[in-house]
Amino acid sequence: MKHKLTELLQHAVNTLKSTGVIDSSLQPQIIIERSRDDKHGDYASNLALALAKSAKMPPRQLAEQLVAALPSDSAVIKVELAGPGFINFFIDALAQHQVIPRILTEQAHYGLSQVGAGQRVQVEFVSANPTGPLHVGHGRGAAYGSALANLLAAAGYTVHREYYVNDAGRQMDILATSVWLRYLAALGEVFTFPSNGYKGDYVVDIANELLAQAGRDFYQSIATVMADIPADEPDGGDKEEHIDALIAKAKNLLGQGYEYVFAAGLTSILADIKDDLHEFGVDYEEWFSERSLMDDGAVAEALSRLRSAGHLYDKDGAVWFASSSLGDEKDRVVLRENGQYTYFASDIAYHMNKLDRGFDHLINIWGADHHGYIPRVKAALKALGADETKLTVLLVQFATLYRGEEKVQMSTRSGEFVTLRQLRDEVGKDAARFYYVMRRSEQHMDFDLALATSKTNENPVFYVQYAYARVCSVLRQLAEKGWTRDAALGLEHLARLTETHELQLIQTLARYPEVIERAAAQFEPHQVIQYLRELATEFHTYYNAHQFLVDDDALRNARLNLIAAVQQVLGNGLALLSVSTPEVM
RNA sequence: GCGCUUGUAGCUCAACCGGAUAGAGCACCAGCCUUCUAAGCUGGGGGUCGCAGGUUCGAGUCCUGCCAAGCGCGCCA
């Protein structure tokens, strides 16, 4: 309908151009909006207001000319001028009713759009270091990222969901060393665990598993291990130096075995993350390993490309990327004095790899604490000769976790955190996802666990699911009363749907495809939730105001078609969010 | 100090790339179950859109300056 009205207005504009009322060089953008107030009809355009200045004509007068030049259309029953120069369109009710057969025919396809057809977009999200289980801080990125990916797919894009596994670097060495030390403890060695090691119970579990599989193969006496290791922080030393020395010692003593211990930690945690996300309704097309970039020379290749393009220089024994000339605050080290690549170096290679795979658009979903990282990655893309506008970085603010009044502190290292798994156990997948996606991702948000657990009945997700379940219930009641739904009869009598609630509901149903397109274009899945809550509200109101299972066959079936359409759209929307649709509540 | 993000009802949040009277939920008050599920519905109170300027027919939305909160400013990831 929006498109049709746009065409009609475009036609009017062309007419005014040809009659010389307005300058023929003007190319106004025609915007059609849903009217917020019924008194303003169904759709409105501010075209006359926007065009008034360049057309050198008062807005109202221009609006009159436009309306006069507007071609007639059977669906448009009235066009009004209002306010300072708005053009309001009133749409024929019966034309609007046609959305019902459309929904019933298209079913799960209703609302899908083709705006992204033929375009491949990669969405990278979560990408948490595999050094421990996911915690609630990752939950928001997971829920948002997967909802966004689904939304883009609904808008016609070919979506590639990807998790970048940071399986290289010092944090992973700390993990491997932590596992090894717990393994030695399991073998009876007694010592103080490093203050900078990973202290979570899961490390103990992995160590025990390692012991069960490999026996004493990796045993070393603690005296050997601790020989010449500088003191830890509690003993007056430096915790970083302490752990680094332990890592070096582990590599040295274990030799080939270090890889085995390392892999034991990595595979176990990665499997846990994979399972956790799957249970949370998040699945990926690809899990991309950072180490693979090191191993196949992609990092070296990326740096050599930067070098030959003149973006690298040597200073203080390290290799620097001159990112400050490309919009970054300062230059960045890519190859350290000690000969190791920085994380940034592999990230350059990773993004080069993404581009080489031919995606039309790259979307990175990062925690807001990484925002300072954006300019350097964009700089890298520019330096590689790529179009940096292909990359969109979307930031997800952290959810501050509360238990009642008390703020829950979290630290992966100390092992004190609420895991995503715990959250799922406490509040359930549906409620957690809904809650996370409900708010704009850039919005700071408070997540009160006490509230989410103790007052689950008040969670808005149930409100929407309940509307769905109610339709199911009505359809069950129908059968119990010995009736069957006659969709064809109902469609013949759609004109019987004349109640205010019904007209309102039909309008809202018709809006769904616009919501999808808009939410996808703006990367804002919360708009879908907003919409679903509105649709559910209108359904509940209707439910309370009118009886569906009436004796009048025509009216009953017309109403059943309407609520079946509501059910379909609720189901489509919830599916996008990976929230379940219970038939009974 | 510099940068990014945010600031809307008591609380948590919306507000269609600037539009007509800024909306929901929670909480609070008053009503609605011999009729399809009351996890629901109806009505009510509650707002200097952080503050001050500016841009224009029109600003919660754009610009500037302040104030406040979160985050960032490593040869960590």
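Since we're looking at a predicted model, the values are computed, not measured. Quick note: numbers below take in every heavy atom, side chains included, and nothing from hydrogens, waters or symmetry partners. Naming convention: chains lettered A, B, ... in sequence-line order (proteins, then strands); numbering from 1 in each chain.
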Check the chi torsion on B:C33 and let me know: syn if it falls within 90° of 0, anti if not. syn

Which part of the nucleic acid, if any, lies within reach of A:R332 when heavy atoms closer than 4.0 Å are counted: base, sugar-phosphate only, or nothing? nothing

How would you list, by chain and number, every residue that makes a salt bridge (charged side-chain N to carboxylate O under 4.0 Å, His left out) with A:E524, sequence neighbours excluded? none

Note every stem involving RNA chain B: at least three consecutive Watson-Crick or G-U wobble pairs, i with j then i+1 with j-1, with both distances under 3.5 Å. B:1-7 with B:67-73, B:10-13 with B:23-26, B:28-32 with B:40-44, B:50-54 with B:62-66

Hey, is A:E329 close enough to A:R376 for a salt bridge, meaning N to O under 4.0 Å? no

Could you check whether A:K251 pairs with A:D173 (Lys NZ or Arg NE/NH1/NH2 to Asp/Glu carboxylate O, under 4.0 Å)? yes

Checking A:E502 against A:Y542: is there a side-chain donor and acceptor pair closer than 3.5 Å? yes

Of the listed B:C41, B:A20, B:A39, the closest approach to the A:A82 side chain comes from B:A20

Should A:Q397 and A:Q443 be marked as a side chain to side chain donor-acceptor pair (under 3.5 Å) after you check the CA-CA gap, both sets of side-chain angles, and the distance that decides it? CA-CA 6 Å; A:Q397 291 289 343; A:Q443 183 70 251; over 6 Å; no

Ranking B:C17, B:A20, B:C75 by distance to the side chain of A:E33, first place goes to B:C17

Closest to the A:Y543 side chain: B:C4, B:A20, B:A38? B:A38

Quick one, A:D42 with A:S35, criterion side chain to side chain donor-acceptor pair (under 3.5 Å). Give me CA distance, side-chain angles, the key distance, then yes/no. CA-CA 5 Å; A:D42 300 298; A:S35 299; over 6 Å; no

Looking across every strand, which nucleic acid part, if any, lies under 4.0 Å from A:K330 by heavy atom: base, sugar-phosphate, or nothing? sugar-phosphate

Between A:E240 and A:R170, does any NZ, NE, NH1 or NH2 come within less than 4.0 Å of an OD or OE carboxylate oxygen? yes

Would you call A:E162 and A:K354 a salt bridge, taking side-chain N to carboxylate O under 4.0 Å as the test? no

Closest to side chain of A:E524, choosing from B:C41, B:C76, B:A15: B:A15

In 5'-to-3' order, the base (B), backbone-only (S) or no-contact (-) status of each nucleotide in nucleotides 8-14 of chain B, using a 4.0 angstrom heavy-atom cut-off, is ----SSS

Closest approach to the side chain of A:V333, judged atom by atom: which nucleotide of B:C73, B:C75, B:C71 is it? B:C75

From the set B:A77, B:C75, B:A20, return the single nucleotide nearest to any side-chain atom of A:W320. B:C75

